[in-house]
Number of protein chains: 2
Amino acid sequence: MLKKIREKRDQLNKSERKVADTILLNPSVVTQLSIAALAKSAGVSEPTVNRFCRSFLSKGFPDFKIQLAKSLVSGSLFVTRSVEKNDSAEQYTDKIFTSTIATLDAARKQVDVEAIATVVDHLVQAKQIAFFGLGASGSVARDAQHKFFRFNLPVVAYDDVLMQRMVAAASHTGDVIVIISYTGRTKDLVEIAQLANSTGATVVGITLENSPLAKVCPVVLSVPHVENTDIYMPMISRLTQLTLLDVLATGVTLKRGEGFHQHLDKIKQSLQSTRYAIEEK
Amino acid sequence: MLKKIREKRDQLNKSERKVADTILLNPSVVTQLSIAALAKSAGVSEPTVNRFCRSFLSKGFPDFKIQLAKSLVSGSLFVTRSVEKNDSAEQYTDKIFTSTIATLDAARKQVDVEAIATVVDHLVQAKQIAFFGLGASGSVARDAQHKFFRFNLPVVAYDDVLMQRMVAAASHTGDVIVIISYTGRTKDLVEIAQLANSTGATVVGITLENSPLAKVCPVVLSVPHVENTDIYMPMISRLTQLTLLDVLATGVTLKRGEGFHQHLDKIKQSLQSTRYAIEEK
DNA sequence: CCTAGGTAATAGTTTAGCTACAGTCGGTTC
DNA sequence: GAACCGACTGTAGCTAAACTATTACCTAGG
């Protein structure tokens with residue numbers, strides 16, 4: 001909402017711009033103001049305010065206030081500020097959780113659902129699935145392996161370049177290779193993607209949109225750009241990758257349908273003896 | 001807000017209870033109703049509605065509507081429903097992202113900030129840091145290793161029981177051992193925690209509150225219980241663990257202060273040559 | 001059974017918001 | 001350069017919505 005106002009501000013005539021500025025200056029108090037009070041503090045007349053509200057798809061001023069109030073909440077949830085030098089434990093804890101949540105929310109909004117469906121289709125039919133990642137994304141690849149293994153799929157993961165290169169070169173049609181890289185600018189991975197492409201394997205990239213890696217992958221699940229490009233960036237982008245893999249795993253499970261929970265139960269039971277029983281209350 | 005109304009409902013007299021029920025029945029449309037319309041559909045008089053609103057710390061009906069609208073937004077963000085059999089790609093994608101976000105938000109609210117601060121203190125002074133996890137939590141441990149390594153700390157990670165046992169047995173005062181397990185009911189890990197305790201090492205558990213593991217760890221970072229205890233549970237709990245580790249890493253970085261960014265820059269530069277340059281626009 | 005207290009509804013008053021109308025300012029064309 | 005047209009802003013008036021106060025009725029207690 002505030003974003004909308006900001007975008008539209010330049011197209012407004014000068015009285016309405018005054019209203020916009022007044023609202024942007026302190027949106028939260030505006031929700032408690034009457035139309036007269038707002039008009040006065042913006043230095044315009046009441047109908048001007050009314051017209052302003054209507055130009056934002058509102059039925060009138062009260063309606064506008066409600067919409068504004070709503071947007072303030074969802075806004076404030078995602079107001080991410082970077083961690084600063086003298087932050088207390090409470091402050092940096094909250095900031096990191098908040099920006100993590102904000103990033104996931106951004107990812108949720110920009111996920112390409114069709115790409116998800118396509119990738120799921122490929123995975124369900126795959127003869128062999130391989131996850132490739134380096135560095136932090138290597139852990140993500142290994143995690144994906146665990147997850148898909150639980151779902152009884154022929155899966156491997158590699159976090160070293162040589163193995164990745166060999167597997168890519170030895171792949172065939174029907175194999176799916178998922179390459180994970182936040183920046184999508186690691187030369188080795190781009191080359192490996194091209195190599196795998198040439199063998200007929202299906203290559204899926206989980207990476208930044210328009211990155212070199214994205215350009216050579218036939219199917220791409222894009223990860224949103226993380227705002228704070230400082231130290232904490234790789235930490236947060238990784239969570240988005242993991243969540244996307246969760247989505248894929250879920251999609252595959254659903255596609256394979258019944259009879260499948262039996263398999264999961266088997267795994268669960270196999271772990272039973274390693275664990276302490278849940279205490280009865 | 002809705003929660004407040006639900007809690008207070010039983011203390012209300014019957015007319016006001018009618019109002020409460022009407023609102024709970026369909027909160028979102030109430031935000032567009034006038035006091036008269038709401039009174040009519042609840043079958044009571046207008047002042048009754050007004051009194052009702054005032055009893056919820058509102059200045060009046062319009063104010064109440066705004067508060068309600070606000071709470072509806074934050075509520076709807078976290079309404080998590082489990083994935084169902086015939087969900088479309090769009091549906092399950094959204095559900096997984098939503099419940100992931102909800103879980104992180106829950107974690108944010110229940111994080112023990114003092115425990116974070118304590119663990120950070122231990123980590124900063126640690127001679128050696130070890131992360132232990134098995135299965136899915138093994139990936140988390142390895143990821144933690146990557147992260148702390150970037151921050152120039154003496155860190156190792158193990159995802160097999162034998163190595164963990166040996167390292168625990170060989171630990172000393174000043175070593176920090178972080179044990180990661182969602183359920184906290186894996187026998188081996190509990191035994192390893194006890195073993196490490198006896199050597200004087202500082203043992204930190206990242207696990208469910210009140211779990212067997214939590215009980216033997218002097219310091220515990222608790223992970224909230226995940227609602228949907230079906231297939232998807234381990235996937236989501238893992239993200240909370242990762243985020244907690246992000247928080248710890250950040251805390252440690254802040255504590256160590258300046259001079260430290262130089263170290264990070266060095267690492268960044270060392271990766272430079274493996275990457276494609278960012279294109280100029 | 002009567003009285004008192006509390007709750008709810010109705011009516012009235014005040015205030016807020018919307019609409020219609022008018023005037024002024026600015027721009028363009030003759 | 002002047003006049004006309006069009007648009008934007010403000011003023012005034014009306015409608016409606018909400019809050020307050022008063023009255024009546026019901027219930028509970030003495």
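Predicted model only: the values in this text are computed from it and were never measured. Only this structure's heavy atoms are used, side chains among them; waters, hydrogens and symmetry mates stay out. To find a chain, count down the sequence lines: A is the first, B the second, and so on, and within it residues start at 1.
- Side-chain proximity of A:P62 to D:dT11, C:dT10, C:dC18: nearest is C:dC18.
- Using a 30° and 60° split on the angle between ring planes, B:F61 and B:F64 fall in the parallel class, below 30°.
- Here A:R54 reaches the OP1 or OP2 of C:dT19: one of its side-chain N or O atoms lies under 4.0 Å away.
- In this structure, of C:dG17, D:dA12, C:dA8, it is D:dA12 that holds the atom nearest to the side chain of A:P47.
- Atom pair B:E46:CD and C:dT7:P shows a separation of 20 Å (rounding to whole Å applied).
- Within the structure, a side-chain polar atom (N or O) of A:S15 is placed less than 4.0 Å from OP1 or OP2 of D:dT9.
- Here A:S137 contributes atom OG and A:D143 contributes atom CG; the two are 12.0 Å apart, rounded to the nearest 0.5 Å.
- Between A:K18 atom NZ and D:dT9 atom P the separation is 9 Å, expressed in whole Å.
- Between the CZ atom of A:R51 and the C1' atom of C:dG17 there is a distance of 13 Å, rounded to whole Å.
- In terms of phosphate contacts, A:N50 brings no side-chain nitrogen or oxygen within less than 4.0 Å of OP1 or OP2 of C:dG17.
- We find that CD of A:E16 is positioned 12 Å from C1' of D:dA7, with the value rounded to whole Å.
- If you take CG of A:N13 and P of C:dG26, they are 13 Å apart, rounded to a whole angstrom.
- B:I66 has its CD1 atom 12 Å from the P atom of D:dA18, to the nearest Å.
- For the pair A:I35 CD1 and D:dA16 P, the computed distance is 17 Å after rounding to whole Å.
- Considering OG of B:S71 and CD1 of B:I5, their distance stands at 7.0 Å, rounded to 0.5 Å.
- For D:dG10, one of the phosphate oxygens OP1 or OP2 lies less than 4.0 angstrom from a side-chain nitrogen or oxygen of A:T48.
- Rounded to a whole Å, the CZ atom of B:F61 is 18 Å from the P atom of D:dA16.
- Expressed to the nearest 0.5 Å, how far OG1 of A:T250 lies from NZ of B:K95 amounts to 11.0 Å.
- B:K65 is linked by a side-chain hydrogen bond (donor to acceptor under 3.5 Å, both in side chains) to nothing, counting only residues two or more places apart in sequence or in another chain.
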